[in-house]
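What follows is a single structure, written as structure tokens, with notes after it.
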Amino acid sequence: MNEFLGLPEIASAHGASLDNVNSYVHWLMFVLFVLWSALFVYMLFRFSRKRNPKADYRGVKSHASNYAEAGVLIAEVILLVGFSIPLYSDRVDDLPAEEEATLARVVAQQFAWNVHYPGPDGVFGRTDPALVDETANPIGLDREDPMAKDDVTTINQLYLPVNKPALIYLTSKDVIHSFMLPEMRVKQDAIPGMLFPVWFEPTVTTAEMQARKGDASFGYQIACAQLCGNSHYSMRGFMTIQTQEEFDAWMAERQQELAADEDVDDIWG
Amino acid sequence: MSEHDHAAPEHAAHEHHEELSFWRKYVFSTDHKMIGIQYSVTGLLFLFFGFCLMMLMRWQLAYPNQPLPFLGWLFGEDRMPGGIMLPEFYNQLGAMHGTIMVFLGVVPLAVGGFGNFVVPLQIGAPDMAFPRLNMLSYQCYFVGGVVMLSSFFVPQGAAQSGWTSYPPLAEVNPFWGQTFWLVGMLFLIFSSLLGAVNFITTIIQLRAEGLTFFRLPVFVWAQFVTAFLLLLAFPPLQAAGVFQLMDMVADTSFFMPEGLVVSGQLASGEGAARAGGGSPILWQHLFWFLAHPEVYVLILPGLGIVAEIVANNTRKPLWGYKPIVYSLLALGFLSFIVWAHHMFLTGMGSTMSAFFQTTTMIISIPSVVILTALILSLWGGSIRFTVPMLFALAFLPMFGIGGLTGLPLGLTAPDIHLHDTYYVIGHFHYVVAPGTLFALFAGIYYWYPKATGRRMSTLLGHLHFWPSLVFMNGIFFPMLIQGLAGMQRRLADGGASYGHSQEVIWLHQVISFSAWGLALAQLPFVVNFFASLRSPKTAGENPWHATTIEWAAPSPPPHGNFATVPAAYRDPYEYSVPGEAEDYLPQFRPAEGAAAPAAVPA
Amino acid sequence: MSAAAIPYTVEPRPDTGLNNVKIGIWLFLASEVMLFGALFAGYILLRVGDPGFGHGSEELSIPMAFVNTLVLITSSVTMVMAWASCMRRDLGKFKLYMGLTVALGGCFMVIKYFEYTAKFHHGIFPSTSTFMAIYFTLTGLHAAHVLAGMIVNGYFWLPGAKMWETNWQQFTNRVETSGLFWHFVDLVWIFLFPVLYLLPVPYAHP
Amino acid sequence: MSDAHAHAHEIDVDHHVRIYMRVFAALAVLTVITVAVAYLHLTTAAAVALALFIATIKGSLVACYFMHLISEKKLIYVVMVVTVLFFFFELLIPTISESINIHAR
Ligand code: HEA
Ligand code: HEA
Ligand code: CUA
Ligand SMILES: [Cu+2]
């Protein structure tokens, strides 16, 4: 029943409830607009100078409009108390426990999304702005920190398992960006100096969505929704939703790579 | 002592008889009507300029990265190499379109122009309370405008961080453009503050005898509330502007947190030029503390104009005058406690967001009341479809769409999807473009005969109105569709880089052609505006058979406005009073056989 | 007829009991309240939000600020006395008090100047820390207000006083108006002084 | 008429001047107290509260007596009450942004 809004395909557990409110409001708006317009157009004909050469000093005598206004108020209260406030609180207060979620940190920058997984130990390694190297280490991860040894970082690639809550700590390294996943109905500003948790539960894998759309080239994208400079328009990341097995396999592969890198370091260092 | 009391009037009377030099009459005038006209013409020119910026952008949105035909060479290699618009130039155009439209176009026209010209006339005053302050206000506006315009020519071009100028972006973007923007804004703010003081004092002090507050025309009420909004909401932006200016020129860190790394360079904290430790959120709060009241500044004068014209052309009193007035006051008051609805996605806690959602829903109620009253005023009327009335009538459903689309934005749950998409652009343009702009056009058609003594052409008026109505909707309705599909705003390629906007991207062409069509539709207006200056002076004092006091003055009103000091004898919209021969009973016409009104107006 | 004469420039309007200038200046002060409110809001927000906030505050000179506070308060009294002298129609006294007011304003500015240069000599600039940024911005804006007040008062003290002869009532009103502004500037300082100089700053010594 | 007006004022003036002198003394004393209190090494919260309390008293004295707010017309009160209300809305800003920080880590 929400199709008339033309929203993007939905792929998260909470998305439908947001869409529902969205469509309820739009129904309310639609009904109001149609009723008011009908009355309006009727009056334009009925009370034109031609049809009604002599105006009536008093005009409307009924109090129907008071009821209409009260009706608008009640509808708004219902939307507010019944839907919007609890749903938003669900978004920002009822975060999943870190152990039960796929954990990641996303650091936005001009013009890329840096993704940082804590690795098997579940703890993020230390980062420091002084260590930032735009090509080798854009988030300034301190590999000396024992907690950082198994940390996985990517640029513009977010991998997540399906049907498991993802908990993402969002921040930015330079200016304000906004982390937007249209299909997940997720949007949150990434503000430098602040770290916000964002969570959602993907329910449709990339492969399933490709099948559903009949488009083998489809991929979820991370969009930037806040003006952040010249290339704001193309600040695009990619998100791949996989089955848990695929995700685990991907993560294991990354760990092997890390181990290999470290061996190299040992030989040469 | 009494000698002193009379000194001032005599002096002024003397001045009145002197022929004023060209400069004193047209440039450094202290006459509220001349200042109003200066404001209006400058405002219109800025509107036109802002529109031109937008038409350029619309090419890039419809045909991203294709060279602009015919005109591309005009803008130089550092803006449009080979006629192809650089994203930084797109961002400059966008930021300046927003700034110019809001602060240099609509507000000066609606408040500086209409307010200055009409308010003293409508309250039966000889001028504004502080004529020289009034002139200073215009001059500050003018300087602010010149500073803004010149910023296009500074190294690396004008401000390019949106009209909202969010730091840190604003502070890491090219220095000169942003600094000019800030200096220009400080001038504009000062101008508005002077204007606001003047308007409030004038309305309180210079009302004609018998013109009590509840006999004021709705337009005057609207300007009154607007002036309070300007007076009390602008100072926070003034403070924020000073902070940001300090950040720009003195390397302070009001809005810069620690540990920023911009393009590989440490930008704040130990070892950087700035200490860091500031808060980007602070700017947003101070900005929106102004900017939400500011959007009501954009709409209230328009609502006032529409109310005047609706009453005049339905030939009956406004329905629900008092509810309208109370709603205006409520809107003014509430607009100070909804600002954070522009910041729902800055990580606000659920309590605060609940608070601001609630205030936002509450503030929509007075708007509904006003709109309902205006629509129901048609009931029982005898509607004359004059050109001003056409614009005023179109305003109602257009503002309706704009206002209604504010509701999903005001609820955080839908706003998660809609924030910073074209839905927001569609929402507010419906209120400001086919809303406020139409109201302003209506006002121009309505008061032009008063200002010039001449009538505007009805035919050209129709040629202006109908295509404008169609094209306005052709521009802004598709934006709502694009927004629902998730297309973000401020994209220099119109969303071509993003997968989710592909299905609605073709609408950009519809929008752009409508925008260029809209430009053509303004030609009849421009012709009408200037050609009518040469038409015969046939308007007379009261061409619309209206009731409010401005129509008691000659057209155009001389210096000092009224031949005899007017007074108010009744409510503002006494049309079709039962038992009267004519269908209008002006506020300023003494009742037959009645004594003058009570000496002390309350 | 003299249509251009604006009513109630001097005499109060019966129903409001006020003349135009009186309303005008209070409205202007209302906007000033909002301006300094925003500055204070910024101060609180940054102070609460930043652990390194106080850096540099130990360099502020409490004695200088204390003297400056007394100077401003005194100038407020001379200002109000200048107005009282107008009311008593004593031009000589008016000139004396108004002159004193301007001089005390100048004194404030001179002390301010020494305060600022002392900071600069210690290598402390607005960019040093958020606290110093606030300190310089707030006191700087305040000083700009003092300067503006001095200019207006100076005008009434010397050239503007001609109006005493032509329109004593209006002149007195004007003095009252500029006095209202001057007292407001004093009032702002009364808050700035403890808030900037005296409050213990958290983590002042890292 | 305006003579009578001015005359009425003249009677007040001496009385006013006496009040100004008393207010002046009070302000000076309070200033000394403010400084003295700062050396007491109170907790931050107490120091802030006390400093603002004294400043408010001083401010009110200036506003009421030097600016004649105590005997001002109703209209001015209305304007200032509205302003003070919005002033407090402004001071909500830090509180709101604190509510943001709850989620920041
Ligand atoms: C004149 C300007 C104006 C007006 C009047 C409004 C009015 C409203 N606005 Fe809008 N708004 C803006 C200008 C305006 N706005 C601008 C410029 C922005 C974007 C700034 C930026 O980010 O750059 C914005 C953004 C904006 C946002 C932020 C969105 C986001 O960034 O995510 C929100 C959220 O709450 C919002 C809400 C509202 C609401 C609830 C109203 C309410 O007041 C509306 C109440 C009105 C009604 C409810 C209409 C009643 C209608 C009827 C009863 C039916 C009538 C029918 C017929 C006549 C046929 N607006
Ligand atoms: C009052 C405010 C106002 C007005 C009236 C308008 C009017 C218009 N706006 Fe604008 N707009 C903004 C305020 C306004 N806008 C703001 C604040 C933004 C956000 C900026 C940002 O992101 O930072 C924005 C952004 C914005 C965008 C989004 C850009 C982006 O996100 O990348 C677009 C896209 O199409 C757009 C289009 C238009 C169009 C086609 C009009 C048309 O309706 C214009 C029509 C104009 C006229 C009809 C004027 C006619 C005047 C004359 C002909 C004068 C004649 C002269 C004499 C007689 C002397 N606007
Ligand atoms: Cu990053 Cu826009
Ligand atoms: Cu708003």
Side-chain angles (χ1 to χ4, degrees), chain A residues 5-8 18 21-22 25 29 32-33 36-37 40 43 47-49 52-57 59-60 65 69 72-73 76 79-80 83-85 87-89 92-93 129 132 134 173-176 178 182 185 187-189 191-193 196 221 223 225-230 232-234 236, chain B residues 87-88 162 166 168-169 172 257 259-262 264 266 280 314-316 319 345-347 350 353-354 357-358 361 365 368-369 372 375-376 378-384 397 400 404 407-408 411-414 416-417 419-420 481 484-486 488 490-493 497-500 576-578:
Chain A
L5 290 178
L7 303 167
L18 298 189
V21 203
N22 208 345
V25 200
M29 291 153 60
L32 281 178
F33 187 75
W36 253 282
S37 306
F40 180 64
M43 290 193 294
F47 297 110
S48 71
R49 162 145 285 195
N52 198 30
K54 181 98 187 78
D56 170 12
Y57 180 73
V60 180
S65 66
E69 282 154 12
V72 175
L73 182 64
E76 286 181 357
L79 286 168
L80 200 58
F83 296 94
S84 192
I85 292 179
L87 280 175
Y88 186 72
S89 156
V92 298
D93 295 337
V132 168
E134 285 304 331
K173 168 177 139 175
D174 40 38
V175 303
I176 302 177
S178 191
R185 306 294 189 269
K187 193 180 285 150
Q188 167 65 51
D189 285 2
I191 302 178
F196 302 121
Q221 290 179 352
Q226 181 67 268
L227 180 62
C228 54
N230 296 344
H232 160 63
Y233 70 96
S234 59
R236 174 184 55 186
Chain B
E88 47 267 50
Y166 279 8
L169 180 65
V172 304
L260 290 197
V261 182
V262 181
L266 195 66
T314 51
R315 314 306 295 165
K316 60 183 279 298
W319 187 82
L345 299 186
T346 55
S350 53
S353 93
Q357 289 181 67
T358 309
M361 288 303 111
I365 296 299
V368 172
V369 171
T372 308
I375 291 178
L376 290 186
L378 301 179
W379 190 275
S382 171
I383 304 172
R384 300 188 309 201
L404 289 172
L407 299 180
L411 296 166
T412 28
I416 292 178
H417 181 63
H419 175 66
D420 267 342
I481 300 172
L484 283 165
Q488 311 99 289
R490 295 168 167 173
L491 297 174
D493 66 352
S497 304
Y498 286 107
H500 62 269
S576 301
V577 180

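Below, chains carry the letters A, B, ... as their sequence lines are ordered, and counting in each starts from 1.
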Exercise. Hey, mind stepping through A:M43 and B:I375 against side-chain contact (heavy atoms from CB on, under 4.5 Å) and telling me if it holds?
Worked result: CA-CA 9 Å; A:M43 290 193 294; B:I375 291 178; 3.5 Å; yes
For this session: Walk me through it: do B:T358 and A:I85 pass the test side-chain contact (heavy atoms from CB on, under 4.5 Å)?
Result: CA-CA 9 Å; B:T358 309; A:I85 292 179; 4.3 Å; yes
Exercise. Can you list the steps and then say if B:W379 with A:V60 is a side-chain contact (heavy atoms from CB on, under 4.5 Å)?
Worked result: CA-CA 6 Å; B:W379 190 275; A:V60 180; 3.2 Å; yes
For this session: Check the pair A:D174 / B:V172 against side-chain contact (heavy atoms from CB on, under 4.5 Å), numbers first and verdict last.
Result: CA-CA 9 Å; A:D174 40 38; B:V172 304; over 6 Å; no
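Proximity to chain A (any heavy atom under 4.5 Å) is shown, for B:P168, by both the backbone and the side chain. Contact of B:I481 with chain A is not made at all, since no heavy-atom distance falls under 4.5 Å. Of the two parts of A:S37, neither the backbone nor the side chain holds a non-hydrogen atom closer than 4.5 Å to a non-hydrogen atom of chain B. Both the backbone and the side chain of B:Y498 have a heavy atom closer than 4.5 Å to some heavy atom of chain A. Residue contact with chain B, scored on non-hydrogen atoms closer than 4.5 Å, involves the backbone and the side chain of A:Q188 alike. Interface residue A:V25: only side-chain heavy atoms are found under 4.5 Å from chain B. Contact of B:P397 with chain A is made through backbone and side chain together, with heavy-atom distances under 4.5 Å. In this structure, the portion of A:V132 lying under 4.5 Å from any heavy atom of chain B is its side chain and not its backbone. For B:S353, the part sitting under 4.5 Å from any heavy atom of chain A is the side chain, from C-beta outward, and nothing else.
The side-chain heavy atoms of A:E76 and B:L407, taken from C-beta on, include a pair separated by under 4.5 Å. B:R490 has its side chain out of reach of A:Y233: every pair of non-hydrogen atoms, C-beta onward, lies at least 4.5 Å apart. Using a 4.5 Å heavy-atom cutoff, the side chains of A:F40 and B:L376 are not in contact. Using a 4.5 Å heavy-atom threshold, the side chains of A:E134 and B:V261 count as touching. Considering only heavy atoms from C-beta on, A:K173 stays 4.5 Å or farther from B:L260 through its side chain.
Annotation: maximal heavy-atom pairing with chain A below 4.5 Å, among B:D493, B:L266, B:T314, occurs at B:D493. Counting heavy-atom pairs closer than 4.5 Å to chain A, the top-ranked of the candidates B:P280, B:G264, B:P408 is B:P408. Note: A:P8 leads A:S89, A:G229, A:S234, A:P8 in heavy-atom pairs under 4.5 Å with chain B. Most heavy-atom pairs under 4.5 Å with chain A: of the set B:A492, B:G381, B:G499, this distinction falls to B:G381. Ranked by heavy-atom pairs under 4.5 Å with chain B, the list A:A223, A:G59, A:G6 is led by A:A223. Most heavy-atom pairs under 4.5 Å with chain A, from the set B:V577, B:T372, B:V262: that is B:T372. When each of A:Q226, A:M29, A:K54, A:R185 is scored by its heavy-atom pairs under 4.5 Å with chain B, the top score falls to A:M29. Among A:V21, A:L7, A:V72, the residue with the largest count of heavy-atom pairs under 4.5 Å with chain B is A:L7.
Between A:P192 and B:P257, the closest heavy-atom pair is O-CG, 3.5 Å. Listed here is the closest heavy atom pair of B:L404 and A:F33: CD1-CB, 3.9 Å.
Atoms CG and CG, on B:L169 and A:L227 in that order, are 5.5 Å from each other to the nearest 0.5 Å. With rounding to the nearest 0.5 Å, the separation of OG in B:S382 from CZ in A:R49 is 4.5 Å. Note that the NZ atom of B:K316 and the CG atom of A:N52 stand 10.5 Å from one another [nearest 0.5 Å]. Taking CG of A:L87 as the reference point, atom OG1 of B:T412 lies at 8.5 Å (rounded to 0.5 Å). Atom CG of residue A:L5 and atom NE2 of residue B:H417 lie 8.5 Å apart, to the nearest 0.5 angstrom. For the atom pair A:K187 NZ and B:I416 CD1, the distance stands at 9.0 Å (nearest 0.5 Å).
Of the possible polar contacts, none joining the B:S576 side chain to the A:D56 backbone as a donor-acceptor pair under 3.5 Å is found.
There is a side-chain donor-acceptor pair under 3.5 Å between B:S350 and A:D93.
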